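Notes for the one structure printed next.
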Amino acid sequence: MMFFSLVTLVLTTITANAAPKGIDISSHQPSVKWSTVKANGVEFAYIKATEGTGYRNPYFSSQYTGATNVGIIRGGYHFARPDVSSGATQATFFLANGGGWTADGRTLPGALDIEYNPYGANKCYGLSASAMVSWIRNFSNTYHAKTGRYPVVYTTTDWWITCTGNYAGFSSTHPLWIARYASAIGRLPAGWAYTTFWQYADSGPNPGDQNIFNGDSAGLRRYAQLCAKQVPNCAEFSLISMARGG
């Protein structure tokens, strides 16, 4: 639609000029030289905290503290395992192990990493599209009840279409973090006219995956701090921030 085309054009311009750079890391990057990452211009980081209900990243604390100490805005993410327990159970586990959020201007809202099943042939973890939507809603509502923020949804367009039936109902409240390793974002999941974060490469000059924020540095700081209970529609806030240049 025309609106999406306009947003894509704006994002392309920001990408070439002022978009804050970010990384996401896990236990695969146990020893990050955060001062070097900061010097390379990275402004934010998502760090894997948990997976399912039985895995905690053993390096999470040191990674999170390292990012904090050099002034990088950071947050945790949870790798979803809809085949092992409920969304509420996993959200609670995530919150208890690094996935929380506070309005301190340096903490990103927790992210739900929901993507193809890496452990088996069933891409959608054995769930129907309607059951998957319910699982995500269960996770989201639990997270929101505890923090006042909805989680960021990390996914690919292909997975979202395949495993949720291209459900559009989360787009008004949940920021999108799209993964697409290409020169352009391309089609987004239904309902989202723009993405707040874009993971555009799985390697690069900095550790882990390479990302950008859809805005500028001031917008990133406001995004971390201001989308609290009094601003429930964080996705809308991010769009306003982007349209005003941060």
Side-chain angles (χ1 to χ4, degrees), residues 24-28 46-61 64 74-102 107-179 188-192 195-197 199 227-229 232-235:
D24 63 271
I25 60 172
S26 67
S27 61
H28 295 295
Y46 265 111
I47 302 165
K48 183 175 183 177
T50 50
E51 178 175 326
T53 51
Y55 175 81
R56 302 174 182 86
N57 175 6
Y59 305 104
F60 177 81
S61 181
Y64 199 83
R74 71 290 185 265
Y77 76 87
H78 174 79
F79 189 89
R81 288 292 306 276
D83 55 331
V84 299
S85 57
S86 72
T89 298
Q90 293 191 33
T92 300
F93 181 69
F94 178 45
L95 285 160
N97 293 283
W101 174 80
T102 55
T107 305
L108 295 168
L112 175 64
D113 179 349
I114 187 92
E115 56 179 283
Y116 285 119
N117 180 5
Y119 302 111
N122 193 304
K123 295 179 179 180
C124 304
Y125 302 89
L127 273 61
S128 67
S130 60
M132 184 63 75
V133 168
S134 294
W135 191 97
I136 296 169
R137 183 180 295 113
N138 195 227
F139 182 101
S140 172
N141 288 346
T142 302
Y143 190 88
H144 181 262
K146 297 291 186 181
T147 66
R149 294 200 72 160
Y150 288 101
V152 176
V153 173
Y154 169 94
T155 195
T156 68
T157 299
D158 184 67
W159 185 90
W160 195 261
I161 292 170
T162 301
C163 297
T164 75
N166 211 18
Y167 180 74
F170 295 116
S171 60
S172 65
T173 49
H174 294 66
L176 177 64
W177 179 7
I178 200 71
L188 293 176
W192 280 287
T195 187
T196 301
F197 298 98
Q199 185 189 87
C227 266
K229 293 182 180 179
N233 192 341
C234 292

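Quick caveat, the model's predicted, so the values are computed rather than measured.
Between the OG1 atom of T162 and the CE atom of M132 there is a distance of 10.5 Å, given to the nearest 0.5 Å. Here the OG1-CG distance, from T155 to L176, works out to 8.0 Å after rounding to the nearest 0.5 Å. One finds the NE2 atom of H174 at 6.5 Å from the OH atom of Y150 (value rounded to the nearest 0.5 Å). We find the CG-CG distance between N166 and D158 to be 10.5 Å, quoted to the nearest 0.5 Å. Atoms CD1 and OG, on I47 and S61 in that order, are 9.5 Å from each other to the nearest 0.5 Å. Distance check: L95 CG to H78 NE2 gives 10.0 Å after rounding to the nearest 0.5 Å.
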Discussion item. Go through it in stages, so that I can follow the logic: the residues are D113 and W177, the test is side-chain contact (heavy atoms from CB on, under 4.5 Å), and I'd like the CA-CA distance, side-chain angles, deciding distance and then a yes or no.
Written reply: CA-CA 9 Å; D113 179 349; W177 179 7; over 6 Å; no
Discussion item. The test is side-chain contact (heavy atoms from CB on, under 4.5 Å); show your working for Y167 and R137 and say whether it passes.
Written reply: CA-CA 11 Å; Y167 180 74; R137 183 180 295 113; 2.9 Å; yes
Practice prompt. Begin from the C-alpha positions of V152 and T196 and carry the test side-chain contact (heavy atoms from CB on, under 4.5 Å) through to its verdict.
Written response: CA-CA 9 Å; V152 176; T196 301; over 6 Å; no
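Looking at heavy atoms from C-beta onward, L108 lies in side-chain contact with F197 at the 4.5 angstrom threshold.
Put simply, the side chain of Q90 never gets that close to the backbone of A80: no donor and acceptor are under 3.5 Å apart. Judged by distance alone, with hydrogens and angles left aside, the side-chain atoms of W101 form no donor-acceptor pair with the main-chain N or O of G110 at under 3.5 Å. The backbone N or O of A88 sits less than 3.5 Å from a side-chain atom of N138, completing a donor-acceptor pair. Within the 3.5 Å criterion, the main-chain N or O of D83 finds no donor-acceptor partner in the side chain of W135. Remark: side-chain polar atoms of S140 are not paired, donor with acceptor, to backbone N or O of I136 under 3.5 angstrom.
Atom OH of Y59 has 12 or fewer heavy atoms from other residues, nucleotides or ligands within 6.0 Å.
Annotation for P109 and Y143: closest pair C-OH, 4.0 Å, computed over non-hydrogen atoms. Contact detail for F60 and G76: the closest heavy-atom pair is CE1-CA, 4.2 Å. Closest of all the heavy-atom pairs between K48 and S26 is CB-CB, 3.8 Å. Scanning all heavy atoms of the two residues, the minimum distance from A168 to S171 falls at O-OG, 3.0 Å. The minimum heavy-atom distance between L127 and P82, with the atom names listed, is CD1-O, 3.9 Å. T195 and I178 make their closest contact through OG1-N, 3.3 Å (heavy atoms, listed as atom of the first residue, atom of the second, distance).
With I114 as reference, W159 is the one residue of F139, W159, F79, Y154 to meet the side chain to side chain contact (heavy atoms under 4.5 Å, CB included) rule.
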